[in-house]
Q: 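Handing you this structure, nothing more for now.
In what follows, every chain begins at residue 1, and chains take the letters A, B, ... in the order their sequences are listed.
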Protein chains: 2
Amino acid sequence: MKRDLRSVFGEVIRELRDARGLSQQELADYSETDRTYISDLERGLNYPSLNTVYKIAQVLEIMPHKLIEKVDKLYFSQTSVS
Amino acid sequence: MKRDLRSVFGEVIRELRDARGLSQQELADYSETDRTYISDLERGLNYPSLNTVYKIAQVLEIMPHKLIEKVDKLYFSQTSVS
DNA sequence: TTGTGACTGTAAGTCCGTC
DNA sequence: GGACGGACTTACAGTCACA
């Protein structure tokens with residue numbers, strides 16, 4: 001089955017967050033969002049809005065287009081397996 | 001004054017849409033969104049959600065991260081002029 | 001530290017128009 | 001072809017409590 005764009009995005013930010021040694025709480029605080037919302041995003045329950053993407057990217061110290069590039073690679077590399 | 005992220009995004013997709021010779025109506029149809037919403041986005045009235053970004057990018061035949069890269073360049077190159 | 005349910009508010013997104 | 005308005009529905013966004 002094809003992985004959802006949301007799931008891929010969640011996977012990417014979780015990876016980056018872990019790499020920075022940040023907790024969901026810290027990422028939420030610094031990006032002025034909510035911890036439970038970060039949790040939701042990482043579990044692929046929502047599509048973030050563009051400004052949320054930018055706020056998160058800033059805290060994760062990555063250029064937004066670089067973050068999206070990671071998402072693209074995972075998302076478009078998928079083979080359509082049932 | 002600092003240009004809004006929404007305005008920058010709108011500017012970028014309008015530029016790309018014009019370059020493809022597409023009308024707002026066509027972009028809306030192919031990306032399965034609404035014509036008035038495309039108009040709103042181009043005028044910087046909304047932040048699109050991530051999946052909207054991806055749907056639009058696909059129609060504009062550009063990788064999402066390349067689209068965001070264009071936004072980044074315009075957005076972050078801004079000097080904080082009052 | 002994170003997942004999750006319940007809840008609320010606002011913004012994204014659609015559809016109907018007119019100019 | 002595009003700006004703009006109104007009304008509407010859905011989904012994102014944010015808060016709190018609890019395991």
Side-chain angles (χ1 to χ4, degrees), chain A residues 2-62 64-65 67-68 70-72 74-75, chain B residues 2-62 64-65 67-68 70-72 74-75:
Chain A
K2 189 166 171 64
R3 210 164 11 161
D4 197 277
L5 173 58
R6 292 173 292 193
S7 305
V8 173
F9 180 81
E11 185 178 321
V12 169
I13 64 169
R14 169 164 291 173
E15 206 169 90
L16 290 169
R17 180 177 63 76
D18 286 342
R20 268 65 172 172
L22 294 171
S23 66
Q24 291 181 347
Q25 182 73 66
E26 289 170 322
L27 174 53
D29 289 344
Y30 300 149
S31 62
E32 293 179 302
T33 59
D34 193 75
R35 181 188 67 79
T36 61
Y37 184 59
I38 298 294
S39 172
D40 287 349
L41 285 181
E42 290 189 351
R43 284 177 295 132
L45 302 184
N46 282 321
Y47 289 106
S49 75
L50 191 64
N51 70 330
T52 301
V53 171
Y54 273 65
K55 288 193 290 185
I56 290 175
Q58 184 167 7
V59 176
L60 296 178
E61 297 176 304
I62 185 172
H65 78 270
L67 195 165
I68 298 301
K70 288 177 178 287
V71 176
D72 283 355
L74 278 172
Y75 187 60
Chain B
K2 190 165 170 66
R3 210 164 12 161
D4 197 277
L5 173 60
R6 291 173 293 193
S7 303
V8 173
F9 181 81
E11 186 178 321
V12 168
I13 64 168
R14 170 164 290 173
E15 206 170 90
L16 290 169
R17 180 177 63 77
D18 285 342
R20 268 67 173 170
L22 294 171
S23 65
Q24 290 181 346
Q25 181 74 65
E26 290 170 322
L27 173 52
D29 288 346
Y30 299 151
S31 61
E32 293 178 302
T33 59
D34 194 74
R35 180 183 61 79
T36 61
Y37 185 58
I38 298 294
S39 172
D40 286 349
L41 285 181
E42 290 190 350
R43 285 178 293 132
L45 302 185
N46 282 321
Y47 289 107
S49 75
L50 191 64
N51 72 329
T52 301
V53 172
Y54 272 66
K55 287 193 290 186
I56 290 175
Q58 184 166 7
V59 176
L60 296 179
E61 296 176 305
I62 185 173
H65 78 270
L67 195 165
I68 299 301
K70 288 177 178 286
V71 176
D72 283 354
L74 278 172
Y75 187 59

Q: Give the rounded distance in Å between these two atoms: CG of A:Leu5 and P of D:dA11.
A: 15 Å

Q: Taking Watson-Crick and G-U wobble pairs with both distances under 3.5 Å, convert DNA chain D into its dot-bracket string, 5' to 3', dots for unpaired and | for cross-strand pairs.
A: .||||||||||||||||||

Q: Can you check the A:Asn51 CG to D:dC12 P distance for me, whole Å?
A: 13 Å

Q: Could you run down nucleotides 14-19 of chain C 5' to 3' and tag each one B, S or - for protein heavy-atom contact under 4.0 Å?
A: BBBB--

Q: Is the closest basic N to carboxylate O distance between A:Glu11 and A:Arg3 below 4.0 Å?
A: yes

Q: Which residues in residues 11-31 of chain B have at least one heavy atom lying under 4.0 Å from any atom of DNA chain C?
A: none

Q: Specify the separation, in whole Å, of atom CG of B:Leu45 and atom P of C:dG13.
A: 13 Å

Q: Could you check whether any side-chain heavy atom of B:Ile13 comes within less than 4.5 Å of a side-chain heavy atom of B:Glu42, counting everything from C-beta outward?
A: yes

Q: Can you tell me if the side-chain N/O atoms of B:Ser49 get under 4.0 Å from OP1 or OP2 in D:dC12?
A: no

Q: With a cut-off of 6.0 Å (strictly less than), are more than 12 heavy atoms of other residues, nucleotides or ligands near CD of B:Gln25?
A: yes

Q: Taking atom C1' of D:dC4 as reference, at what distance in whole Å does atom CD of B:Glu42 sit?
A: 14 Å

Q: Let me know the distance between CG of A:Leu50 and P of C:dA12, rounded to the nearest Å.
A: 10 Å

Q: What is the separation between atom CD1 on A:Ile38 and atom P on C:dT2, rounded to the nearest whole Å?
A: 11 Å

Q: Keeping the roles fixed (side chain from B:Arg14, backbone from B:Gly10), state whether a donor-acceptor pair exists under 3.5 Å.
A: no

Q: If you take all heavy atoms of A:Arg6 and A:Leu45, which pair is closest and at what distance?
A: NH1-O, 3.8 Å

Q: Taking all non-hydrogen atoms of both residues into account, name the closest pair between B:Lys70 and B:Val12 and its distance.
A: CB-CG1, 4.0 Å

Q: Side chains of B:Asn46 and B:Phe9, heavy atoms from C-beta outward: is any pair under 4.5 Å?
A: no

Q: Is B:Arg35 reaching over with its side chain to a backbone N or O of B:Ala28, donor-acceptor style, under 3.5 angstrom?
A: no

Q: Can you check the B:Leu41 CG to D:dG2 P distance for me, whole Å?
A: 14 Å

Q: Check A:Asn51 against B:Leu5 and note the closest heavy-atom contact, atom names and distance.
A: CA-CD2, 3.9 Å

Q: Does a side-chain N or O from B:Asn46 land closer than 4.0 Å to OP1 or OP2 of C:dA11, or not?
A: no

Q: A:Tyr47 has an atom OH; how far is it from atom C1' of D:dA11, in whole Å?
A: 11 Å

Q: Could you give the distance from OG (B:Ser23) to CD1 (B:Ile38), rounded to the nearest 0.5 Å?
A: 10.0 Å

Q: Can you tell if the side chain of A:Leu22 reaches within under 4.5 Å of the side chain of A:Val59, non-hydrogen atoms only?
A: yes

